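Here the structure is laid out as structure tokens; the discussion comes afterwards.
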Amino acid sequence: MATTTATPTPSKNKSASRSQSQSLPHLVEELQDELAVDVTNSTECDLDQLLRTFLFSILKDDSQTKKQLVDIQNRIEHLERQLDTRIRTLDAEKKEAGVKHAKGKAESGPPGEVSNEGDSEIKGWKKELEEQQGIRQDILDTPFNECLDALLPICEDPELREELQDFTRSKEEDDMYAPFARAGNRAFDLLSMNREQLSKFQDPSPLNCCFHQNDPKTIKTKYEDSTIFTKPDVSITSRIAAGDARVESNPTMPTAYDKPPDVTFEMGQVLCSCELKYGKAKMALFSKYINGMRQTPNSCQDPVVLTPYPIVKNTPAVKAIDRKQQAVEGEEPPAKRVKVDSTEPVASSSNIATSSSNVPSSGNAPSSSNTGKTSDRKRMKGKGSESKQATASAPNEETITQPPNNSQRMIDARTQCAVYGMEMLSYTLGVHHAITLLIIDSKLWIWYYDRQGILQSDGIDFLKDLLVLLFAFQRFNLRDWGVVVESNPSAVLAHNPTPAPTSTRPLRAASAKSTARNDGKKETSTFIFRVQDLDPDSLGNPKEFSQIEINLKDPLSNKAHHVGGRATNVLGSCIPINPEHADLACKISFPEVVRQNEGKLIQDLRKELREGDEQSQKMLKHLPDVLLYGDMPLYGTQRMRSMLKVPIEGYRILRLVLFKKMFALTSLTGKPFVKAWLEVVKMHAYLWNLGIEHGDPSLWNTMYNKDEQCGVLSDYDLAIARRQLRVLGTDRTGTIPFMSIDLLDVDYWNGKIERQYAHEQEALIWILPFVFLRFQDTKVQKGSPVDQWMTSDYVACQAAKSVFIQNRKMERNGEFCKADWKPHWKLAKKLLSWVKDVASFWPKFVEKLREASLDYPDELQYIEDLITELELDTVLGPLVSGSMV
């Protein structure tokens, strides 16, 4: 099939862009703006459907309901993938043929919403998908309603009512924590009792989870040379972890856990973080509601009617979003997309501001059109239902006026929850998702974070829906809480006093090395990953070994620290039974499924070069050596979105790739560094000639092979083979500090500029000044002129780099060149002075290299020798120019 051209779309996760640029803030406050953007790009979902999804996960595996649902859900996901792939393929074929889509068609819409209605396969799949979703919904409704009916009597428990009364008597936020924890734990005690009508659900998990006040203790997470401190108000943890946090308590004895822990929690001990906010008027109303339960035994069937605090767009946090100039393809900038709705207290990507109307909301706030609300459960709506619709259609959004304190409080709260979610996702590599709760007075929102982004529920009735939620939480296992048990031994140890198999798959490998710290907490430095845990259909290049020992104390990349994105972690590893493989690197990440598997791409390239001519065989050493690759579908992001009936586009999967270990290019200095860099540049151009576009050349993706003593171009997660139909992804390609100035533009991030060879070659050239000004003795030296490139703000980076290459500025920048690189600075200066010509045409690049050697013979004479040694004049054959299709 002929090739086609596609334009990458930008990431909607601002913190992912910052993390990939290797810019790691030291203070939580510095993350607020980026996380505010991620929060506004969140996807709204129906709370009832989210509860149904949680209940689905805790059905007994051998129950007929669970088996039936699993079969139906597998079919639904298969149809969704077929639709997604078919629509993308048709779009690529249309673009290849030069057919333009009608203006305004969104590439990022859910399957079937692009203009491919005439395709008979799509029509058939969509029809079957709707039928299967209807069947699934009917089945889900039964356990959901049974659960609601069975848990209703718990509302009448005197001790629970008393704890809730203490909660409503709070005079300020700090007073809320202890009674909230006690009420939650009383609910857990009541929910653990045997109920015949709920026999289809699993028994309470051995985790025996509980609420535990955390504030004012801080939880710290370390990232390279920085530490992030967070302070959740209340946490949900296991009784074992809660016991470890007590100096003198017996972890097997019931405890209220209504005081801060004696020993600070670690993030791996936290299963869920809770953020509480106080409002006197709302708490008074909730107090009346609790009192009313005493006179009317079944009054808790009616949800409490409350007016949520609104969010306005003129607050500092929202202004910060606007400053970031995040343009999402096909959408207005976030700060301009205002939806007036008095029932939506938490903003999603389509909802930033809410009305100041005092009209009370119903207990069932409306969701976006794609959330597919299907609840048939009867809810009592407030009197403001009609007024709510009138408010939502108000034509003049600028008339919104709200008290800034309340609005700022809400924005701070949802961003604070995002901080907790990010830290829970990032403290180690073995985390699939995180859950946080936001409690505003007497209403609660659920926030779900994974590597595809953020999902937020609408607000729920504090008491009745909370019981269903806690019923599910009490039965969650570690996987349900987001722990990848195969690669997170620390969390397994933290919540299990005697780790042992609970199924056919062990929770902790027998060879994991654990140690006890002085404070009694447990740690592990290595763990065994079993190859059999990878999906056999995805397994590639398998060797004779069956286990991989991964060393958590040997990071070969910066720890991923963001919400959404690939979350790449590379760690030192080995094959325990094979001394020949004692020095390996294991890459674990969450790439988009639609992108070609990096391991397979490299394996195919190595085969092609091995079978090629003499020159091709010489290039083989500049590719990574892949020993194994495979996926773990159990930890994908599609299922949650499929169950919630929100778009799956951009869904990700957990992937493992095992390489022979390489070393950072900055482990070299002087001439050896320049030589290795030139080898990487040559390999990049050679692959482009073969039809392989790397997609993300940067310093972090240039490595050194000590055995072969050569540079290696690594990280093919975003690479695309032009010989195949191009597939759109939802993650923009490029690492901001090294990207071409032309691509640091809103048009590129909106998919209007096609990435060409010149752009990627320019990115490789930007490596030189970055290293020359920032590294000394192979170590990073802060305070250099290039530090400002390390940002998630592409506009700021474009401005900084545009100034950087001005002649006068270049001269001055040379004064900041580190001692190791003084003799080589003029090479960077020469290439940057002609960067557009040099990057667009390979002979021009070689010509400028020669000029640098002739112009500065004392410092750069060796460049001519390298041109000859590396055969830069002849290695490429056909000239690389433009996009070189």
Side-chain angles (χ1 to χ4, degrees), residues 57 61 70 73-74 77 205-206 268 425 428-433 450-451 476-496 499-514 524-552 554 560 566-578 581 584-593 597-600 603 626-640 651-659 717:
S57 69
D61 291 336
V70 168
Q73 183 59 30
N74 287 338
E77 291 174 15
S205 164
L425 280 175
T428 189
L429 62 90
V431 182
H432 171 258
H433 65 263
D450 64 13
R451 294 310 178 184
F476 272 11
N477 58 35
L478 285 178
R479 283 201 186 97
D480 296 323
W481 285 116
V483 175
V484 181
V485 296
E486 294 83 355
S487 60
N488 193 345
S490 297
V492 175
L493 287 168
H495 299 290
N496 195 335
T502 57
S503 65
T504 57
R505 190 175 297 184
L507 286 177
R508 182 184 61 159
S511 62
K513 304 171 185 177
S514 61
T524 184
S525 58
T526 67
F527 68 94
I528 296 294
F529 184 91
R530 305 188 310 172
V531 175
Q532 71 184 58
D533 289 334
L534 297 171
D535 178 17
D537 294 335
S538 71
L539 196 61
N541 204 28
K543 301 293 183 181
E544 66 280 2
F545 49 82
S546 60
Q547 294 182 334
I548 306 167
E549 183 174 354
I550 300 176
N551 187 355
L552 294 169
D554 184 21
R566 288 177 289 161
T568 300
N569 285 279
V570 185
L571 295 164
S573 57
C574 67
I575 306 303
I577 60 173
N578 191 336
H581 297 309
L584 305 178
C586 185
K587 178 178 179 179
I588 300 176
S589 62
F590 286 86
E592 291 182 35
V593 176
N597 188 299
E598 175 187 20
K600 180 173 178 16
Q603 179 180 283
V626 177
L627 277 68
L628 175 78
Y629 60 86
D631 295 340
M632 299 183 71
L634 182 64
Y635 299 107
T637 65
Q638 180 187 358
R639 172 147 296 185
M640 176 58 74
Y651 65 97
R652 296 174 179 273
I653 198 167
L654 180 58
R655 179 166 293 161
L656 180 145
V657 185
L658 188 66
F659 302 94
D717 275 349

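Numbering starts at 1 and runs along the sequence shown. From a predicted model like this one, the values you see are computed outputs, not experimental measurements.
- Looking only at side-chain heavy atoms (C-beta outward), D533 and M632 come within less than 4.5 Å of each other.
- N74 places a side-chain N or O within 3.5 Å of a backbone atom of V70 that can act as its donor or acceptor partner.
- Exactly one residue among D631, T637, I588 makes a side chain to side chain contact (heavy atoms under 4.5 Å, CB included) with L654. That residue is I588.
- Of the residues listed (V657, L539, I575), the one engaging L628 in a side chain to side chain contact (heavy atoms under 4.5 Å, CB included) is L539, and it is the only one.
- The two residues P576 and I528 make their nearest non-hydrogen contact at CG-CD1, 4.0 Å.
- Here CG of L658 is found 5.0 Å from OG of S573. Values are rounded to the nearest 0.5 Å.
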Should S487 and I550 be marked as a side-chain contact (heavy atoms from CB on, under 4.5 Å) after you check the CA-CA gap, both sets of side-chain angles, and the distance that decides it?
CA-CA 9 Å; S487 60; I550 300 176; over 6 Å; no

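- Taking the six-membered ring where tryptophan is involved, the planes of H581 and F545 are perpendicular, since the angle between them exceeds 60° and thus also 30°.
- A donor-acceptor contact shorter than 3.5 Å links the side chain of R652 to the backbone of R451.
- Counting heavy atoms from C-beta outward, F659 and L584 have side chains that stay 4.5 Å or more apart.
- For the side chain to side chain donor-acceptor pair (under 3.5 Å) test with K587, the passing option among D717, N569, T568 is D717; the others fail.
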Using side-chain contact (heavy atoms from CB on, under 4.5 Å), reason through L634 and D535 one step at a time and then give a plain yes or no.
CA-CA 9 Å; L634 182 64; D535 178 17; over 6 Å; no

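- Closest heavy-atom contact between S57 and D480: CB-OD1, 3.9 Å.
- Atom CD1 of residue I548 and atom CG of residue N578 lie 12.0 Å apart, to the nearest 0.5 angstrom.
- Remark: side-chain polar atoms of S205 are paired, donor with acceptor, to backbone N or O of F476 under 3.5 angstrom.
- The main-chain N or O of H433 is never found under 3.5 Å from a side-chain atom of D450 such that the two would form a donor-acceptor pair.
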Before giving the answer on side-chain contact (heavy atoms from CB on, under 4.5 Å), spell out for H432 and V483 the whole-Å C-alpha distance, their side-chain angles and the decisive distance to 0.1 Å.
CA-CA 6 Å; H432 171 258; V483 175; over 6 Å; no

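- Residues R639 and Y651 are not in side-chain contact: their nearest non-hydrogen atoms beyond the backbone lie 4.5 Å or more apart.
- Here the straight-line distance linking atom CD of Q547 with atom CD of Q532 works out to 8.5 Å at 0.5 Å rounding.
- T526 has its side chain out of reach of P489: every pair of non-hydrogen atoms, C-beta onward, lies at least 4.5 Å apart.
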Kindly indicate, with the supporting measurements, whether the criterion side-chain contact (heavy atoms from CB on, under 4.5 Å) is fulfilled by F527 and E549.
CA-CA 6 Å; F527 68 94; E549 183 174 354; over 6 Å; no

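- Across every non-hydrogen atom of A494 and G268, the tightest pair is CB-O, 4.3 Å.
- One side chain, R479 or Y635, offers a donor N or O that lies under 3.5 Å from an acceptor on the other.
- Within the 4.5 Å cutoff, the side chain of V431 has heavy atoms near those of the L425 side chain.
- For the pair E486/F529, a side-chain contact is recorded, criterion being any heavy-atom separation below 4.5 Å from C-beta on.
- The side-chain heavy atoms of S525 and L552, taken from C-beta on, include no pair separated by under 4.5 Å.
- No donor-acceptor pair closer than 3.5 Å links the side chain of D554 to the backbone N or O of N551.
- Counting only heavy atoms from C-beta outward, the side chains of W481 and H495 never approach each other to under 4.5 Å.
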